[in-house]
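Below is one structure; the comments refer to it alone.
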There are 2 protein chains.
Amino acid sequence: MSERGKPVPLARLLLMSYRLLIDGMHQRLREEGWHDVRPAYGFVLLATRDRSTTSVELASLLGVTKQAASKILDPMDAAGYVRRSVDPEDARVKIVELAPRGWELLAAVECIYAELEAEWGAAIGVAAVELMRKHLTEIVLAANGGEFPAIRPSP
Amino acid sequence: MSERGKPVPLARLLLMSYRLLIDGMHQRLREEGWHDVRPAYGFVLLATRDRSTTSVELASLLGVTKQAASKILDPMDAAGYVRRSVDPEDARVKIVELAPRGWELLAAVECIYAELEAEWGAAIGVAAVELMRKHLTEIVLAANGGEFPAIRPSP
DNA sequence: CCTTTTCGTCAACAAGGTTGACCATTTATA
DNA sequence: TATAAATGGTCAACCTTGTTGACGAAAAGG
């Protein structure tokens with residue numbers, strides 16, 4: 001590897017590590033029979049987990065345009081992971097919430113994710129994982145005025 | 001933020017941090033007058049820095065198909081960042097190397113990158129940055145049989 | 001010499017992003 | 001109260017970067 005002898009850029013390590021988790025996640029999902037899950041779905045699952053949302057709000061949470069949000073929601077709706085309904089209080093608005101299948105998928109995702117993070121704990125120690133979490137949190141918050149930024153599924 | 005009170009998934013923190021570096025990189029490049037640099041170019045610059053390569057080898061280094069590699073090289077070639085020439089020893093092969101403008105871009109990239117990493121050192125301490133580098137390296141190598149994997153520009 | 005493999009390019013399609021446009025609905029203003 | 005402005009969601013075109021399949025030229029193998 002041409003990086004031998006030179007420190008590997010941290011950005012590269014961050015991306016490799018992230019990919020490790022995400023690719024591992026999607027592989028395990030496939031092994032469990034989830035064959036139609038796209039990378040972006042995870043972002044939508046997390047955004048709609050704690051409370052229903054709307055298309056345009058989801059766009060804001062994801063840091064993308066409303067068109068992009070709609071574009072992810074379309075196949076998710078078609079596959080039965082989310083439901084969209086007209087808001088009784090504002091006829092322009094579509095309420096977006098997880099459908100039963102979406103809840104099942106979310107449960108599978110969270111279970112696999114916990115396994116993956118536990119594997120990191122086994123590899124470098126739980127304390128090191130928590131320290132990394134602490135440091136990354138500091139960096140991200142410091143750079144975003146004390147808040148977590150919206151994070152796009154794809155650059 | 002709905003993540004308040006729950007640990008933010010490490011995957012999310014990794015992605016946020018990575019984006020912080022990469023988005024910061026591209027913003028500063030634009031500020032310096034580099035207006036036509038796409039995210040994928042950085043990967044090609046690093047892959048061709050230490051020695052010239054070939055289209056198909058680049059594909060392998062990037063972990064993408066040869067078609068995808070060619071597709072990134074086309075605009076880079078057109079913009080004068082790389083040069084492609086026929087290999088005198090094998091007429092099928094295109095040698096890919098950085099052109100003068102590519103070297104200038106690489107220099108700008110590396111300079112900005114150093115600034116960005118130094119800012120992390122200022123935020124959490126240089127020792128913490130190095131510790132993170134060490135831990136991430138361990139995780140990545142452990143998961144890839146002791147080697148660094150190819151890393152695609154885009155999932 | 002013929003078959004198989006390899007390299008790079010062309011083409012079509014996909015995922016997920018952008019901008020612009022449009023219509024319906026709601027809110028704000030005169 | 002009527003009109004203007006703002007908002008939500010969808011349609012459309014295009015972009016970046018990925019995939020697969022196909023193809024012709026060149027090289028390697030039998």
Side-chain angles (χ1 to χ4, degrees), chain A residues 15 19 22-23 26 29-30 35-45 47 52-79 81-97 150-155, chain B residues 15 19 22-23 26 29-30 35-45 47 52-79 81-97 150-155:
Chain A
L15 186 57
R19 288 272 170 73
I22 293 303
D23 292 348
H26 284 270
L29 282 174
R30 283 191 299 273
H35 295 300
D36 61 345
V37 180
R38 300 179 190 174
Y41 290 4
F43 293 80
V44 174
L45 291 177
S52 63
T53 181
T54 65
S55 291
V56 83
E57 186 178 59
L58 180 67
S60 178
L61 289 173
L62 296 188
V64 299
T65 61
K66 54 185 181 172
Q67 293 92 335
S70 188
K71 218 161 177 177
I72 304 176
L73 287 172
D74 284 346
M76 286 185 87
D77 191 341
Y81 291 120
V82 298
R83 284 183 300 214
R84 284 182 289 190
S85 49
V86 176
D87 183 346
E89 301 187 0
D90 185 336
R92 299 169 303 180
V93 174
K94 288 284 179 64
I95 303 280
V96 179
E97 53 200 349
I151 189 78
R152 291 188 308 278
S154 176
Chain B
L15 185 57
R19 288 274 171 72
I22 295 302
D23 291 350
H26 283 270
L29 283 174
R30 283 191 298 271
H35 296 299
D36 62 345
V37 179
R38 301 178 188 172
Y41 290 4
F43 293 80
V44 175
L45 292 177
S52 62
T53 181
T54 66
S55 290
V56 84
E57 187 178 59
L58 180 66
S60 177
L61 290 173
L62 296 187
V64 299
T65 62
K66 52 184 181 173
Q67 293 91 336
S70 188
K71 217 162 182 175
I72 304 175
L73 287 172
D74 283 346
M76 286 184 88
D77 192 340
Y81 291 120
V82 299
R83 283 184 299 214
R84 283 181 289 191
S85 47
V86 177
D87 183 348
E89 301 187 1
D90 184 337
R92 300 168 303 178
V93 174
K94 287 286 178 67
I95 303 281
V96 180
E97 53 199 347
I151 189 78
R152 292 186 307 277
S154 177

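Just so we're on the same page: letters track the sequence lines, and every chain starts at 1.
- Of the residues B:M76, B:K94, B:E97, the one that meets the side chain to side chain contact (heavy atoms under 4.5 Å, CB included) test with B:R83 is B:E97.
- Considering only side-chain N and O atoms, B:R152 lies nowhere under 4.0 angstrom from the phosphate OP1 or OP2 of C:dA15.
- A pairwise comparison of heavy atoms in B:V96 and B:T54 identifies CG2-C, 4.0 Å as the closest pair.
- Between B:R38 and D:dT17 there is a side-chain N or O to OP1 or OP2 distance below 4.0 Å.
- One finds no side-chain N or O of B:K71 lying less than 4.0 angstrom from the OP1 or OP2 phosphate oxygen of C:dC10.
- At a cut-off of 3.5 angstrom, counting only N and O atoms as typed in the model, there is a donor on one side and an acceptor on the other between the side-chain of A:Q67 and the base of C:dG20.
- Annotation: of the two residues near DNA chain C, A:A40 and B:E57, the 5′-most nearest-nucleotide partner is B:E57.
- Regarding contacts with the backbone of C:dG17, every side-chain N or O of A:S154 stays at 4.0 angstrom or more from both OP1 and OP2.
- Two residues, A:A91 and A:L62, neighbour DNA chain C, and the one matched to the more 5' nucleotide by heavy-atom proximity is A:L62.
- Between the CG atom of A:L15 and the P atom of D:dT17 there is a distance of 14 Å, given to the nearest Å.
- Among the nucleotides C:dT18, D:dT20, C:dT9, the one closest to any side-chain atom of B:R84 is C:dT9.
- For the pair A:R92 CZ and C:dT25 C1', the computed distance is 5 Å after rounding to whole Å.
- Among B:L58, B:L61, B:T53, the single residue meeting the side chain to side chain contact (heavy atoms under 4.5 Å, CB included) criterion with B:V44 is B:L58.
- Between B:D74 and B:R84, the closest side-chain pair of non-hydrogen atoms falls below 4.5 Å.
- Where B:K66 and B:P153 each meet DNA chain D at their nearest nucleotide, the meeting point lying more 5' is that of B:P153.
- Between A:S70 and the phosphate of D:dG9, there is no side-chain N or O to OP1/OP2 separation shorter than 4.0 Å.
- Atom CG in A:D90 sits about 12 Å away from atom P in C:dA28, given to the nearest Å.
- Computed from coordinates, the A:D74 CG to C:dG17 C1' distance equals 15 Å when rounded to whole Å.
- For the pair B:F43 CZ and D:dT16 P, the interatomic distance rounds to 17 Å; values are reported in whole Å.
- Between B:R83 atom CZ and C:dG8 atom C1' the separation is 20 Å, expressed in whole Å.
- In this structure, the CD1 atom of B:I72 is 12 Å from the P atom of D:dT16, given to the nearest Å.
- Note: NZ (A:K94) to P (C:dA24) measures 14 Å, nearest angstrom.
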Between B:Y81 and B:V37, is the side-chain contact (heavy atoms from CB on, under 4.5 Å) condition met? List the steps. CA-CA 10 Å; B:Y81 291 120; B:V37 179; 3.8 Å; yes
